[in-house]
There are 2 protein chains.
Amino acid sequence: MARPLKALLSQEIIGQAAIQLVDSGRELQVVPLAKQLGVSVSSLYHHVDGREGIIRAMRQVMVSEYKSPERSAADWRETLRREVEQTWIMYVSHPRVLQLLITVVINEPDALSFYEVLAEALERAGLPDEEILTTIEAIEAFSIGAALDALSPEVLIDPAHSDGKLATLLPHHSSGEVRNREVFERGLELIIDGIAARVAAAAARSN
Amino acid sequence: MARPLKALLSQEIIGQAAIQLVDSGRELQVVPLAKQLGVSVSSLYHHVDGREGIIRAMRQVMVSEYKSPERSAADWRETLRREVEQTWIMYVSHPRVLQLLITVVINEPDALSFYEVLAEALERAGLPDEEILTTIEAIEAFSIGAALDALSPEVLIDPAHSDGKLATLLPHHSSGEVRNREVFERGLELIIDGIAARVAAAAARSN
DNA sequence: ACCTGAACACCGTTCAAGT
DNA sequence: ACCTGAACACCGTTCAAGT
């Protein structure tokens, strides 16, 4: 076979297969990727710009998976919670992919609409304009950190090696996916409560 | 030269050189690393277990750089702020190294004392025992995310491609190192305020 | 125990040839 | 325009030899 009537590959097809490969715990390598797609390795180079191009294709596919939640007239807390959870789920469903994504420099954030919706929610919350973008970026940083946290081993700290307060806390601590989920939810709650406190402080100052 | 009287290499020497290499923006490759150290490539294998062993050595060196702040009788907010800032500085001084570190699974956290000090501070703050570890992990996740944020390009979003609220905010937004530093400080403030709010809520419930 | 050079397996990329 | 196989450069790892 040389040139088929219908192209066998596309950036989307390659990105999808690469995500599958990486999610299954294997390295991102072109030979296994081509094998999985049933093409020769060199075929990939007609659609993506090398290994980095494959990673960009993965990012594209991942972003297209992002489901923007219903835009009901919910209060800003609810809007923030839903929107941030949705991005986090996108990341945490593929933590190993995320690891590769932060390897290539991206000029546009994964979802511009995510930034816009959050900006509007924070404005509604009453946060001063000059604090909005930095706050969004802090939230994004936390989401990424909390998604990478999913790569942690089952048991983070050997209780035997610790003492003091830690030693009393560790035995009752959750582990695995439950622990990771709790970390995300706790962090998001703290940030939301922190924003509320900051809004209240700003309002008090302007009175 | 075969075996020298004094060993030319050690895990620490290798880790230090590897950090330098990666900090300078180059890939972590054994040939350049060996060249920089003035030894042959195969010499490295007498001290570290392959490339992954090099990364573990880098982690060791990085952790030894961590300076635990003065343990004055400061209030919990101040203790938290100082301690978290110190880990963040450790990470953000070598964001590319951090990128490699999250590649290898680690069973013990970078600094056990960091966990212990934070646990004690949160207890002093009045946070219920069952919330302490998850809160620490959320803080750690944010620190890592905020350090990786340092790898972002100068300009995150092209203002021309955005509209709505975003378009009015972007032109006044900071960039580069200043932006990154602001993201960390804002996020940490929000989390600390969030903890304070949560402590207050828990106290109200128990009354 | 620790350093070396050579050999080896592997992996990403290029390119001329084919439709 | 798109797929292929072969050639190529590169990179991590191993190992026998040397002190």
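Since we're looking at a predicted model, the values are computed, not measured. Reminder, nothing fancy here: chain letters follow the sequence lines and each chain counts from 1.
Under the side-chain contact (heavy atoms from CB on, under 4.5 Å) criterion, B/Val105 pairs with A/Pro153, sequence neighbours left out.
A salt bridge between B/Arg198 and B/Asp193 is absent, with no side-chain N of the basic residue lying under 4.0 Å from a carboxylate O of the acidic one. With respect to A/Glu137 and B/Arg186, no salt bridge is recorded, no charged nitrogen being found less than 4.0 Å from a carboxylate O. Using a 4.0 Å cut-off between charged side-chain N and carboxylate O, B/Glu185 and B/Arg181 make a salt bridge. Using a 4.0 Å cut-off between a side-chain N of Lys or Arg and a carboxylate O of Asp or Glu, A/Arg124 and A/Asp75 do not qualify as a salt bridge. Under a 4.0 Å N-O distance rule, the pair B/Glu78/B/Arg82 qualifies as a salt bridge.
Distance A/Leu37 CG to D/dC3 P: 10 Å, rounded to the nearest Å. If you measure from atom CG of A/Leu28 to atom C1' of C/dC10, you get 15 Å, rounded to the nearest angstrom. Distance A/Ile14 CD1 to C/dT13 P: 13 Å, rounded to the nearest Å. To the nearest angstrom, C1' of C/dC11 lies 16 Å from CZ of A/Arg26. For the pair A/Glu52 CD and C/dC11 C1', the computed distance is 17 Å after rounding to whole Å. At whole-Å resolution of the value, CD in B/Gln29 and C1' in D/dC10 are 8 Å apart. Distance, A/Tyr45 OH to D/dA6 C1': 15 Å, rounded to whole Å. The distance from atom CD1 of A/Ile54 to atom P of C/dG12 is 8 Å, rounded to the nearest whole Å.
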Could you list the donor-acceptor pairs under 3.5 angstrom formed between side-chain atoms of residues 32-41 of chain B and any protein atom two or more places apart in sequence or on another chain?
unit_1: B/Ser40; atom_1: OG; unit_2: B/Ser42; atom_2: OG; d: 3.3
unit_1: B/Ser40; atom_1: OG; unit_2: B/Ser43; atom_2: OG; d: 3.2

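Comparing atom distances between the A/Ser42 side chain and each of D/dG12, D/dT4, C/dC3 picks out D/dT4 as nearest. Comparing D/dC11, C/dG5, C/dC2 by their closest approach to the side chain of B/Pro4 singles out C/dC2. Between C/dC3, D/dT13, D/dC3, one nucleotide has an atom nearer to the side chain of B/Val41 than all others, and that is D/dT13. Side-chain proximity of A/Ala7 to the nucleotides D/dC3, C/dG5, C/dC2 is greatest for D/dC3. Set against C/dC2, C/dT13, C/dT4, the side chain of B/Ser43 has C/dT4 as its closest nucleotide. Nearest nucleotide to the B/His47 side chain, out of D/dC3, D/dG12, C/dC3: C/dC3. Of the listed nucleotides (D/dC3, C/dT4, C/dT14), C/dT4 has the atom at the smallest distance from the side chain of B/Ser40.
Of all non-hydrogen atoms in B/Arg179 and B/Asp149, the two that sit nearest each other are NH2-OD2, 3.0 Å.
Nucleic acid contact for A/Leu33: none, since no nucleic acid atom lies under 4.0 Å from a heavy atom of the residue. At the heavy-atom level, A/Leu44 lies nowhere under 4.0 Å from the strands shown.
Between B/Asp49 and B/His46, it is B/Asp49 whose nearest contact on DNA chain D lies nearer the 5' terminus.
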For DNA chain C, the dot-bracket pattern of Watson-Crick and G-U pairs whose distances stay under 3.5 Å, | for other-strand partners: ||.|||||...|||||.||
